[in-house]
Q: 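I'd like to ask some things about the structure below.
All heavy atoms count here, side chains included; hydrogens, waters and symmetry mates do not. Just so you know, these numbers come straight off a predicted model, no measurement behind them.
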Amino acid sequence: MDYLLEVMTVPVSDVDRSLDFYTQQAGFGLDVDYRPADNFRVVQLTPPGSSCSVQIGVGLTDAEPGSARGLCLVVRDIETARAELARHGVEIGDIRHKSPIDEWKGGWAAGVDPEHTDYASFVDFSDPDGNLWTVQQRGFRTP
């Protein structure tokens with residue numbers, strides 16, 4: 001039996017502001033914007049290359065806007081991803097990597113892991129409400 005994760009709900013306070021952020025700055029594609037009533041709206045967005053989407057809207061969740069943590073995007077080249085997000089106006093942190101990698105116990109060092117080890121390099125950004133996204137590198141290939 002396969003269990004496919006296809007949609008996650010992200011709580012936001014202003015759907016239109018968040019829609020603009022996710023499509024214009026974070027580069028997500030707009031799949032659906034459905035508003036059958038004033039008290040219900042679902043906007044579904046998908047990160048480039050992802051098979052899992054996020055939903056924002058009205059009447060979807062009782063979670064506090066900005067309370068989502070642990071949202072993770074995986075990229076092949078974290079430096080390129082960070083530069084692209086920054087170029088589109090996303091306030092994004094500095095890249096960090098696990099250190100020491102062989103005996104990692106929660107320590108960090110600045111920059112990309114020198115060996116480009118999978119699951120070792122990270123960078124964070126937040127949406128306008130403060131929902132926290134982590135970008136992690138996996139599958140790095142030298143161009």
Q: Honestly curious: do L60 and L71 fall in one hydrophobic cluster under the side-chain, below-4.5 Å linking rule?
A: no
Q: Counting only heavy atoms not in Y34, do more than 12 fall under 6.0 Å of its OH?
A: no
Q: Is there a donor-acceptor contact under 3.5 Å from the side chain of R82 to the main chain of F122?
A: no
Q: Between S67 (side chain only) and A63 (backbone N and O only), is there a donor and an acceptor less than 3.5 Å apart?
A: no
Q: Taking the side chain from R138 and the backbone from V74, do they hold a donor-acceptor pair closer than 3.5 Å?
A: no
Q: Just by modelled atom types, is the E103 backbone N or O under 3.5 Å from a matching donor or acceptor in the K98 side chain?
A: no
Q: When you group the ILVMFWY residues by side-chain heavy-atom contacts below 4.5 Å and let the links chain together, are V32 and L19 in the same group?
A: no
Q: Would you sort out whether V75 and Q136 count as a side-chain contact (heavy atoms from CB on, under 4.5 Å), showing the intermediate values?
A: CA-CA 6 Å; V75 297; Q136 118 181 328; over 6 Å; no
Q: Could you check D33, D31, T23 and say which one makes a side chain to side chain contact (heavy atoms under 4.5 Å, CB included) with V43?
A: D33
Q: Given S13 and R17, is the side-chain hydrogen bond (donor to acceptor under 3.5 Å, both in side chains) satisfied, shown in steps?
A: CA-CA 9 Å; S13 60; R17 177 182 70 171; 3.2 Å; yes
Q: May I ask you to say whether R41 pairs ionically with D16, meaning some side-chain N is under 4.0 Å from a carboxylate O?
A: yes
Q: Is there a donor-acceptor pair under 3.5 Å between the side chain of D2 and the backbone N or O of L4?
A: no
Q: Using modelled atom types and a 3.5 Å cut-off, is there a donor and acceptor pairing between side-chain atoms of Q137 and backbone atoms of I78?
A: yes
Q: So, N131 side chain and P11 main chain: donor-acceptor pair closer than 3.5 Å or not?
A: yes
Q: Using modelled atom types only, decide if a donor and an acceptor are shared between the side chain of R96 and the backbone of G93 within a distance under 3.5 Å.
A: no
Q: According to ring pair (Phe, Tyr, Trp, His ring centres under 6.0 Å), who are the partners of F28, at least two apart in sequence or on a separate chain?
A: Y22, W133
Q: With heavy-atom distances below 4.5 Å as the criterion, would you say the side chains of H97 and V112 are in contact?
A: no
